[in-house]
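Written below as structure tokens is the structure these notes are about.
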Amino acid sequence: MNDQNSQPKIENSQSTPPLLRLTDVNTFYGPIHILQNINLEIYPGELVCLLGGNASGKSTTLKTILGIVTPAGGTVEFQGETVQDQPTSYRIEQGMAVVPENRRIFGDMSVHENLLMGAYLRTDHQQMKQDLERVLELFPRLKERLKQFGSTLSGGEQQMLAMARALMSRPKLLLMDEPSMGLAPILVEQSFEIIQQINREGTSVFMVEQNANMALSIANRGYVLQTGRIVLADKAKNLLNNEQMRHAYLGH
Amino acid sequence: MSVEKNTQPTNPESESSGDPRTGASPRAGDSPRIGVDEWVAQADERKQARSGFWGTIANRWETIPVFWRIGFVAFILILAPIVTNTTPVLSLLDISNNDFMVRVGATFLAFSILAIGLNVVVGYAGLLDLGYVAFFGLASYGYAYLSSDFIGAGVHVPYFISIPVVVAFTALVGYLLGSLAIRLYGDYLAIVTLGFGLLFFQLAQTLTRVRFFWLERPVDLTRGPNGINNLDAIPLITSRIEESIAYGYIYLFGSTFTPTIKYYFLFLIMLGLVVLVVHHMNQSRLGRGWRAMREDDLAAEVMGIPVRHLKLMAFATGAGIAALAGATFAAWQGNVVPIRYNVLALINLYAMVVLGGLGSLPGVIIGAFIYTLLPEILRNVVYATTLFYVGGLIGLVAWLEPSKRLVMVLGGTFLAGLLLKFLVNLLWPGFDTGVAPTEGFFLNQWAQSWLIIPANFTTAGNLAIGAGIAALLATVSIKNWWRYVFLGLTIYLFGFAWETRLAVEPSVTRILVVGASLVVLMITRPQGLLGKLRVEIL
């Protein structure tokens with residue numbers, strides 16, 4: 001696995017075309033080669049996690065998918081369409097949504113306005129109202145605090161708001177950057193349950209995580225990233241039992 | 001959206017129980033309901049519990065419906081030039097130039113339009129644009145080219161064509177500058193836009209001999225520092241109609257009609273339109289996008305908000321609004337001079353916006369009002385003195401609130417002053433001359449009958465300024481009851497300094513007072529008068 005091109009292939013029996021496909025993606029920050037020949041696929045309805053230590057390129061992968069950084073080489077396909085030259089707003093419009101790292105909710109805006117920001121590109125107001133109801137049902141805590149400013153929420157509530165905001169765009173693919181960061185264990189469990197629920201309702205989820213145990217316990221598949229290369233790609237179950245994996249990330 | 005609407009607007013208990021400033025007291029026997037957000041549910045109660053001098057005023061004002069509030073302000077603004085231009089009011093205000101107040105008013109309106117435009121860029125979109133004043137200038141020059149004898153034998157496009165053209169052109173320039181600077185953030189954007197502003201100012205001053213290869217002689221594009229004169233005025237429909245309206249105006253109100261009044265109302269109508277448009281922009285999806293972008297550029301981007309487009313929209317809107325004010329301002333003044341569009345003008349505009357509160361429309365207008373009116377009022381010694389004493393009193397009331405402490409401080413200072421004067425006159429007759437050079441205004445007379453005024457009051461006054469500042473610092477930094485003693489001392493020393501030095505030289509005092517009030521205001525209310533305090537997420 002030291003060779004750049006010898007990325008492990010995953011045996012996937014699914015015949016449907018992938019929702020998201022990254023092919024030989026190379027991303028640079030200035031002269032620094034961050035992502036090296038990344039190949040990954042997410043199929044409709046899947047819950048996939050991307051694991052890796054610090055500075056392994058997890059967030060960069062997400063940024064490349066979203067179009068905040070442009071890859072120097074390779075293609076990013078979303079629903080069969082090549083999108084690596086499209087702006088972020090186009091990709092969001094096509095059905096991506098993100099729960100950013102550190103939540104990044106809008107502190108000066110009310111919870112309600114925050115949720116509306118998630119649906120910024122939508123014009124179907126009737127549907128939006130329904131979605132608002134649905135999202136508030138999923139997060140009853142937010143319903144109580146609809147008029148409150150984002151900055152007055154606690155960390156856990158901010159995480160909920162970030163998730164709810166992402167769901168407001170009715171995404172086909174939900175991208176999550178470290179949803180467990182800075183949360184109490186019980187809140188981590190809660191948010192993972194909600195992620196599972198969202199996934200069960202038909203949204204594909206791509207999750208970047210440090211908490212490998214938790215992530216693999218709910219994911220279908222997982223990729224392991226190490227210094228910008230994907231070193232492992234397998235079913236979540238197999239990864240949990242993988243000797244190397246257990247040694248490096250799971251800690252037992 | 002509180003889960004349980006609280007149906008007790010006024011809680012009689014909270015008035016009797018202890019210090020009203022601590023907010024709503026929890027009701028006895030009302031344990032917190034689990035799962036219900038108390039903070040949200042008690043929002044109305046907290047609002048009611050807002051007390052003190054300013055709290056009461058704010059509560060009263062908020063009980064008036066918005067329509068009537070705006071109507072009230074508009075009514076005053078419409079009536080102000082009519083009333084101030086009548087002879088009795090002019091003689092009462094001791095103004096010989098009957099256009100003076102209206103001119104100040106029109107300047108205020110023009111600057112509030114400009115400040116609103118700046119507020120769109122800086123307050124709403126959060127783009128630190130230091131080239132804003134160049135758009136103001138560009139529009140003025142644009143109007144000058146279209147409506148004066150400057151080009152060739154004279155181009156005289158009617159105002160209803162030239163102003164829209166100038167506004168559209170300037171908005172386009174704003175859009176282009178925005179698209180150059182769009183990738184820059186914060187300080188870097190500020191530097192690039194500042195460069196644009198300085199460039200405009202320098203070019204306006206120096207483009208007097210430009211050689212085009214197809215022309216034999218160099219062309220004067222701007223007439224340099226002297227600027228372009230004799231711009232077309234904006235007539236009231238036609239000059240005939242203007243005359244007849246002018247007569248009707250005098251007949252109706254017993255007031256003098258001047259062109260300034262015409263521009264005053266023109267600016268007022270423009271201000272109304274601009275407020276309407278900007279308010280609706282800010283309430284719409286666009287405004288929400290701006291606010292999101294201002295707060296977190298990247299988060300807004302990943303929400304799918306077209307950040308680039310919104311930034312350009314903000315730049316173009318700001319430039320367009322500046323152009324509207326700029327072209328009209330040039331028509332009113334009848335000239336354009338580069339000095340009007342220098343960095344100082346930019347700083348003044350920023351001061352208005354920050355003073356009133358970034359992002360608040362009424363705040364920005366109030367900021368422009370204070371910032372244009374205050375220096376003008378302070379030109380007159382009588383007004384300045386009134387403002388000094390009344391302002392000081394209001395400041396004291398706002399700080400101490402109508403309480404026993406306030407009465408003690410004021411009464412104590414007064415009695416101590418009288419006692420001191422009596423003792424000095426008794427022990428050292430002739431030291432207190434009791435005469436200061438200020439005019440015979442009743443406040444001055446009263447103050448001078450209370451203060452000790454030695455023969456050499458100039459040196460004493462200078463010393464008193466320093467001592468007064470020291471006493472003020474002591475008042476602010478000491479926490480026990482000694483602070484009230486120092487407060488009394490501060491009042492005495494500043495009163496003395498005012499009578500002997502500051503009121504004597506209004507041209508210096510004017511700037512000092514404006515500066516001091518800005519400093520005090522920004523320390524006490526860093527978010528500006530009507531601005532919202534932003535909470536950082538840590």
Side-chain angles (χ1 to χ4, degrees), chain A residues 62-63 65-68 87-123 125 136 140-153 155 157-158 162 165-166 168-169 171 175 177, chain B residues 1-6 32-44 46-47 123-126 182-183 282-311 357-360 527 531-538:
Chain A
L62 217 52
K63 282 178 187 163
I65 294 172
L66 276 166
I68 297 165
T88 307
S89 56
Y90 178 79
R91 305 181 198 203
I92 304 291
E93 213 176 346
Q94 294 304 306
M96 287 188 194
V98 66
V99 180
E101 195 176 359
N102 289 328
R103 275 84 73 165
R104 282 185 178 255
I105 60 161
F106 303 112
D108 266 359
M109 300 170 89
S110 70
V111 170
H112 185 223
E113 283 175 315
N114 262 286
L115 292 174
L116 287 180
M117 291 327 293
Y120 189 84
L121 291 170
R122 290 176 62 176
T123 44
H125 296 280
L136 290 178
R141 195 81 177 131
L142 296 181
K143 196 169 185 172
E144 288 167 24
R145 302 185 172 238
L146 218 48
K147 283 259 167 86
Q148 235 171 292
F149 280 110
S151 54
T152 63
L153 298 183
E157 288 162 348
Q158 287 184 14
R165 185 178 63 176
M168 278 302 289
S169 67
L175 304 159
D177 202 349
Chain B
M1 203 163 290
S2 59
V3 175
E4 200 171 305
K5 192 91 180 160
N6 205 310
R33 288 151 294 175
I34 290 163
V36 174
D37 200 311
E38 291 287 318
W39 178 259
V40 178
Q42 289 174 357
D44 289 338
R46 263 182 291 119
K47 214 177 220 177
Y124 291 161
I182 204 79
R183 295 203 169 275
N282 190 39
Q283 293 295 310
S284 69
R285 202 169 70 128
L286 180 72
R288 278 204 302 275
W290 275 338
R291 263 179 294 159
M293 182 178 92
R294 178 187 71 202
E295 224 181 297
D296 193 332
D297 205 284
L298 191 68
E301 179 98 48
V302 298
M303 287 300 110
I305 297 166
V307 169
R308 192 189 145 82
H309 173 73
L310 289 194
K311 279 185 180 175
L358 269 175
S360 159
Q527 71 270 44
K532 258 190 258 163
L533 197 61
R534 290 196 195 150
V535 186
E536 293 287 324
I537 302 178
L538 294 175

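Predicted, not measured: the structure shown is a model, and the values here were computed from it. Naming convention: chains lettered A, B, ... in sequence-line order (proteins, then strands); numbering from 1 in each chain.
- The part of F149(A) that comes within reach of chain B is its side chain, from C-beta onward, which places non-hydrogen atoms under 4.5 angstrom from that chain.
- One finds the CD atom of E301(B) at 11.5 Å from the CZ atom of R104(A) (value rounded to the nearest 0.5 Å).
- Here the closest non-hydrogen pair linking E113(A) and R288(B) is CG-CD, 4.2 Å.
- Atom CG of N102(A) is separated from atom CG of D296(B) by 10.0 Å, given to the nearest 0.5 angstrom.
- Looking at R291(B) and D108(A), their side chains never come closer than 4.5 Å, going by heavy atoms from C-beta outward.
- Scored by the side chain to side chain donor-acceptor pair (under 3.5 Å) test, K63(A) finds no partners at all (sequence neighbours excluded).
- We find the CE-CD1 distance between M303(B) and I105(A) to be 11.0 Å, quoted to the nearest 0.5 Å.
- Checked by atom type and distance alone, the side chain of E295(B) pairs as donor or acceptor with a backbone atom of G107(A) at under 3.5 Å.
- In this structure, chain B has a heavy atom under 4.5 Å from the side chain of I68(A), while its backbone stays farther away.
- Contact tally against chain B (heavy-atom pairs below 4.5 Å) for V111(A), L153(A), L175(A), L121(A): the top residue is L121(A).
- Across all non-hydrogen atoms, the minimal contact from I305(B) to Y120(A) is CG1-CG, 3.6 Å.
- Pairing each heavy atom of I92(A) with each of V302(B), the nearest pair is CD1-O, 3.0 Å.
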